[in-house]
Structure formats: C-alpha cells, structure tokens
Amino acid sequence: MLTKIEFDILYRIMKNETKEVTQRGLSEFLGVSLGKINSAIKSLYQDGFLSGYSITAKGVDLLLPYKVDNAVIMAAGLSSRFAPLSYEKPKGLYEVKGEVLIERQIRQLKEVGINDIYIVVGYMKEKFFYLEDKFGVKIIVNEDYYKYNNSSTLYLVKDFLKNTFICSSDNYFSENVFENYIYDSYYSAVYSEGKTSEYCLTFGKNELIKSVSIGGEDQWYMLGHVYFSRTFSDKFVPLLEDVYSVSGDTEDKTKLWEDLYMRNIKTLRMYIRKYSNDTIFEFDSLDELREFDANYIDNADSEIMRNIAKVLNCETKEIRDIKPIKAGLTNVSFKFDCKGKSYVYRHPGKGTERYISRKSEAYSMQIAKELGLDGTFIYMDANAGWKISSYLDNCREMDYHNDNDIDQALSLIRTLHKAKIHSNWDFDIWSKTNDFVKRVSEVSNRMDFKDFDELYSLMEKVYKKTEEDKFPKILCHCDSYSPNFITNDKQMNLIDWEYSGNDDPGSDLGTFICCSDYTYEEALNVLNLYFERELTYEELRHFIGYIAIASYYWFVWAIYQESIGSKVGEYLYLWYKNSKDYGRKALSMYEN
C-alpha cells in the first residue's frame, strides 16, 4: 500500500507528465518537506514506479486501487427550506449563472473521467428523467423520500458504493472539485467565522475527523461533496443494512446518513478536505440565491412569485425575506415581506385534491371574511388552491384551558352557525370517513387491527342515530381545533377552511372537543357555553354522538396521512380513545 506522500507524488506526476515537475515544486505544492519528497521519490524509483519524472506502467497499476469508480448524486429531497421555488420543481434543477445545478455537477464529474453516475430521485422525480438520455446517467427512484432521510437514498445504491463520490444535487462548485484518483475517504468542509448550526468537525494534525457536533463557533463544518473509499464503503454498508433490516429502528431511517457515521466514527475513518468559502455554495433560501445570482432579483423563474406579485400589485423583487413555516398536515406555507408588510403564502399539499375541494374552501373563506370570522384572508385561487393571507405578529393558537380564548372561539363558531348559510358543497363527515377507510385499504393494511370492525360498527350506529335527529345541514368549518384559532389576545381569527362545507353543526363542536384533552365534564361545559344554556337530553346525546363521529373521522384521516408518510403523532391515540368513549356514551343515551 502506498503512503500518502507516495500517492500524492505519483498522482501529481501522472497528471503533469507533459509539464515540468521538480522535487522542490512537489514539496511546495504538497506542503511536505523537501527531504521527505526526496526520500519518497528515491523509493519509487528503486521499485520501478517512476522513470525520470514520468510514471511507469507499473506505477499506473499501483494507483488503480485509488481510482474513483462512480458517483451518486442525491436528488430525492423536498428542499422545503427553499420556498417557494422548491414547490414548483426540485432545487437541483434550478438554473444558476446560466447552468442547471445538477447538470453542472454531472459535467464536472465527467470532465475528470467519472462517467458511472447514479441519480437518486424522489420528489417530482419525473422532472429528472431527461438526464438519462442527455448525460447517460442512471436514474434510481426513492419512493420513501417523504418518509425517511438521505440514508434511504444511500440504501438504494448500497451495492454500488465502492470508491464513490456522494454529492447533493443542489450544490454549486465554482471550480471543479472532483478528481479521478483519491487516497482516502473525506468530507468537504468550509470555515465558519462566528456561530453556525451546521455539522461542525474536530480533527487531528493529520486531518482525520475525530468528532462531529451540531452547531459551533469559528469551526470547519460539513458542506458539499463526500468521498467514500472502498474500505469506508465496506464498513458503512453493513451498518446501513442494519438500519433498514426488519429489526431496524424506524427513527434511524428518518435521520441523515451522517448521523450513522457520527455514531460509528471510530471505525468509519474519514478525513476533512478543506475548501475556501467561495468554492462550495449551498443556497437555503431565495434571498441567498439572489445574492449569488443577480438574475433572481428580477426574475425568480417562479409562477408562485408572479402570482403573489399580481395579487399584491408589486414586482417579484419586492417579495423578500422568505421564511418557510413549519409544514401543516396537508399543506406547506411560507412567510414573506412586501412593501413593509408581512404575509403568508399557503401552497396545497400533494394529493390533497383527492379529498379537499378548493372551490369550496375559496367560497367559505369569502364568507368567513364577510362574517368577520377571519380578518387575515386576502386572496385564494379556487382552481389551484394557493392562498395569500396577512401575517399577524405576536399571535398564538387558542388555549383550550384559557376561558377567554374559549369564549371567543365558541363565539366565532356560533356566529357561523347562526348565519345558517348553505354552500354549494357538502362535507358530510360520515361519507368522508368511509372515503378514508377505503383509501387506507388501498395503500396499506393499517385498518387491520383487532377492534376495527367493532369500532366501525359502533360509529355507524351512532351516526344513524344522530341522522334521525334531523339537525339542519349548514355551512360548517369542519376543522375547528386549536391551531386554526389564532389570537393576539385582542382579536381571534378562525383560519384554514379547507374542510368546510354543509354538515351537521355537531361536526364543528365535535372536532373542537375531540382535539382537546378535556374530561367528559369539561366537554359538557363547552357545549353549555356554546348554547349559552344547558342542553336538553336530546341535544346532549346528539352532540356527544358527534364528538365520537368527529373523533372517528379524524382517526381514520390520521391513519391515511401516516400511511402516505405524514406523521400525525399523539392525536392518533387521542382520536381513537375519544371515538370509543364518546361513542359508547352516546349510543347508551340513545338506547335509553
């Protein structure tokens, strides 16, 4: 095996065969003492790897174990921080300074002779398919991109990991950072002056990485490409296979592959490869991209930006300071500033058109504005489903245990119901429930649990009993839980009317209560507050029944969301429990 100095000398001479190479020049270029250079060259001469200042065929063969076999470009992710451009196409496909990011990277790999290139795609995968014909790359589809992290991408290409570059499709390299012969595994890094939240590195004098920590100050941090040596790959792949085995921890799949490396850093040897800050670029926001490529100031190549500009009567360059908001369960949103005011843009989630009518939502939003229920609403496209609202500073969601909050929230629901508006669209919570039961059965076996039939039968009986009460179906919000009531402690707004439509008023009150941690007694108190009196026995059993019906609807809705990769969390059990408890209580009241 070659020493690092011997490798550097042979590789340097091989790359510069037609140019003058001297021992002093090698010493200066490699940063190694002239004595060590002389000693290494003497040894290489004696063993027949050099002849004069040219590498021999024997020397070329000696370098073969260090030759790069292939490259993997990871292009499956959502790039959610890069709003709004990433809503329209994957980040790697954006044109920066005249070149598409991923195309520039493919060209740079091919320039140094790396032609065996795998592109792993997921989000909007079809937009990458053209690369196969254009560049001769191999496309691999990661169907789990929305559920797991980039470790799932590497798992798909585990059989190809040898001497391999691992790249991200959205990096921009101002110069070609790739080589076709590399001595050992490394992670590229740039230096941060001041604080950073990136993965920071500590390393020894030989630049072997000793530890990685998330966040630091005045440190080198991971950015850009990575190189796996064959030795590294041989050790890494079994660890990756353990994560994705039947007994593997699901939580590990949601983490970066770098987290797996960090846990096994003593056996997975990797060196730092340092680069200047003007060599490797990663753009986390449109504002960052605008700083790098001035073309994006006036033309962001985004229909979303053009739509916003049209609604707000501004130029796209006036849309600034874009910050993604934590994604909701069905949509993605971002906050932005324009002409001194702050707004929120809401983009419909993929697949939501199957169970949400945007025309119905747009109609309900206008009604909500007219009734004074939502003062944030500005505009919604009834066909595409995107929406612009005012952003309210210092707001919070309703507190289920704040009496003033509850009074305001119930007042909003009461105002809606008293208006007795009839929409052109129905919600029909029981029909929607059955739709989700069917959808889940089509995509997974998540409904295959022991008491499913028993629970469904209970809910069906309760629903039929409530229908016999013949409560009028009127426009309801149908998603009236705490995050959709926002307040600045002066005024409360009822937002997000996606699920609205004609339904039993019990759907609103049932959702309001079933999403809380209320005891039965607290639930009764909320019903009394809404009616501003005590309920009759007939009213009480009806609305208790609807707490169960709403709970069950959201329970099967949540199972569907999780079956397609969206995490719902603790609500799932809460809704299951409320379905049973309130369902049994309601049925008992009806039967008595």
Side-chain angles (χ1 to χ4, degrees), residues 71-83 86-87 90-93 101-102 118-125 128 139-161 164-171 185 187-189 196-201 209 212-215 221-228 232-233 235-265 268 270 282-285 324 326-329 332 349-350 561-569:
V72 172
I73 301 180
M74 300 188 292
L78 292 164
S79 301
S80 56
R81 290 185 296 175
F82 204 61
S86 59
Y87 297 173
K91 190 174 170 185
L93 291 177
L101 285 171
I102 194 169
Y118 299 87
I119 313 290
V120 185
V121 299
Y123 174 61
M124 296 190 184
K125 52 185 175 288
F128 288 101
I139 300 291
I140 296 175
V141 176
N142 181 356
E143 298 291 1
D144 293 327
Y145 73 92
Y146 58 88
K147 293 193 291 186
Y148 305 137
N149 218 311
N150 64 9
S151 62
S152 64
T153 282
L154 293 192
Y155 182 73
L156 288 175
V157 295
K158 62 184 176 65
D159 294 335
F160 309 121
L161 296 180
T164 304
F165 275 114
I166 309 296
C167 310
S168 296
S169 64
D170 55 1
N171 284 145
S185 54
Y187 208 122
S188 60
T196 178
S197 58
E198 301 289 347
Y199 280 51
C200 296
L201 305 172
I209 298 172
V212 183
S213 60
I214 301 175
Y221 66 90
M222 294 174 165
L223 182 69
H225 58 296
V226 189
Y227 179 70
F228 285 11
F232 185 97
S233 295
K235 292 179 179 179
F236 178 77
V237 168
L239 297 172
L240 191 61
E241 289 175 332
D242 285 344
V243 169
Y244 284 86
S245 66
V246 175
S247 59
D249 189 341
T250 302
E251 186 178 347
D252 282 341
K253 299 175 187 177
T254 65
K255 296 179 180 178
L256 299 168
W257 74 261
E258 285 91 340
D259 293 306
L260 182 60
Y261 160 64
M262 287 163 61
R263 289 209 309 268
N264 297 275
I265 200 165
L268 296 174
M270 184 173 280
E282 183 178 66
F283 313 106
D284 287 333
S285 69
K326 185 179 180 181
L329 294 174
V332 289
K350 182 181 179 182
Q561 294 299 329
E562 294 213 338
S563 70
I564 60 171
S566 298
K567 297 301 179 185
V568 176

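Note that the structure is predicted; figures quoted are calculated from it, not measured.
- Looking at Phe165, Trp257, Phe160, Tyr261 one by one, the single match for ring pair (Phe, Tyr, Trp, His ring centres under 6.0 Å) with Phe228 turns out to be Trp257.
- Between the side chain of Asp242 and the main chain of Leu239, no donor-acceptor pair closer than 3.5 Å is present.
- Between Cys167 and His225, the shortest heavy-atom contact is SG-CB, 4.4 Å.
- Separation of atoms OG (Ser213) and CG (Leu201) is listed at 8.0 Å; rounding is to 0.5 Å.
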Would you sort out whether Asp144 and Ser152 count as a side-chain hydrogen bond (donor to acceptor under 3.5 Å, both in side chains), showing the intermediate values?
CA-CA 7 Å; Asp144 293 327; Ser152 64; over 6 Å; no

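- With values rounded to the nearest 0.5 angstrom, Leu78 atom CG is found 9.0 Å from Met124 atom CE.
- Not less than 6.0 angstrom separates the ring centroid of Tyr221 from the ring centroid of Tyr199.
- Contact record, Ser188 with Leu223: OG-O, 2.5 Å, taken as the closest heavy-atom pair.
- Proximity of Val243 to Leu260: side-chain heavy atoms (C-beta onward) are separated by under 4.5 Å at one or more points.
- Side-chain contact between Thr164 and Val72 is present, with heavy atoms from C-beta onward closer than 4.5 Å.
- Side-chain N or O atoms of Lys91 include one that pairs as donor or acceptor with a backbone N or O of Phe283 at under 3.5 Å.
- Counting heavy atoms from C-beta outward, Ile102 and Phe128 have side chains that approach closer than 4.5 Å.
- By the 4.5 Å heavy-atom criterion applied to side chains, Tyr145 and Val120 are not counted as neighbours.
- A donor-acceptor pair is defined here as one N or O able to donate and one able to accept, closer than 3.5 Å; such a pair exists between the side chain of Thr196 and the backbone of Glu198.
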Report the C-alpha separation of Lys125 and Ile139 in whole Å, then their side-chain angles, then the decisive distance to 0.1 Å, and conclude whether the side chain to side chain contact (heavy atoms under 4.5 Å, CB included) test is met.
CA-CA 9 Å; Lys125 52 185 175 288; Ile139 300 291; over 6 Å; no

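- Taken from CG in Asn150 to OH in Tyr155, the straight-line distance is 15.5 Å, to the nearest 0.5 Å.
- For Ser197 (side chain) and Gly215 (main-chain N/O), no donor-acceptor pair under 3.5 Å exists by modelled atom type.
- Val212 is listed as a side-chain neighbour of Met222, based on a closest heavy-atom distance under 4.5 Å.
- For the pair Tyr118 (side chain) and Ile73 (backbone), a donor-acceptor distance under 3.5 Å is absent.
- The closest side-chain heavy-atom distance from Lys158 to Glu241 is below 4.5 Å.
- In plain terms, the two heavy atoms of Leu161 and Ser233 that are nearest each other are O-CB, 3.4 Å.
- Using a 4.5 Å cut-off on side-chain heavy atoms (C-beta onward), Val121 and Ile140 make no contact.
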Walk me through whether Tyr187 and Glu258 qualify under side-chain hydrogen bond (donor to acceptor under 3.5 Å, both in side chains).
CA-CA 10 Å; Tyr187 208 122; Glu258 285 91 340; 2.6 Å; yes

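- Outside the 6.0 Å centre-distance limit, the rings of Tyr123 and Tyr146 are not counted as a close aromatic pair.
- For the residue pair Leu156 and Val141, the shortest heavy atom distance occurs at CD1-O, 3.6 Å.
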Would you check, one step at a time, whether the test side-chain hydrogen bond (donor to acceptor under 3.5 Å, both in side chains) holds for Ser151 with Tyr244?
CA-CA 9 Å; Ser151 62; Tyr244 284 86; 2.8 Å; yes

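- Rounded to the nearest 0.5 angstrom, Ser86 OG and Leu93 CG are separated by 12.0 Å.
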Audit row: Phe82, Asp284, side chain to side chain contact (heavy atoms under 4.5 Å, CB included) steps and yes/no
CA-CA 5 Å; Phe82 204 61; Asp284 287 333; 5.8 Å; no

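- Considering CG of Leu240 and CG of Asp252, their distance stands at 10.5 Å, rounded to 0.5 Å.
- No side-chain donor-acceptor contact under 3.5 Å links Thr254 to the backbone of Asn149.
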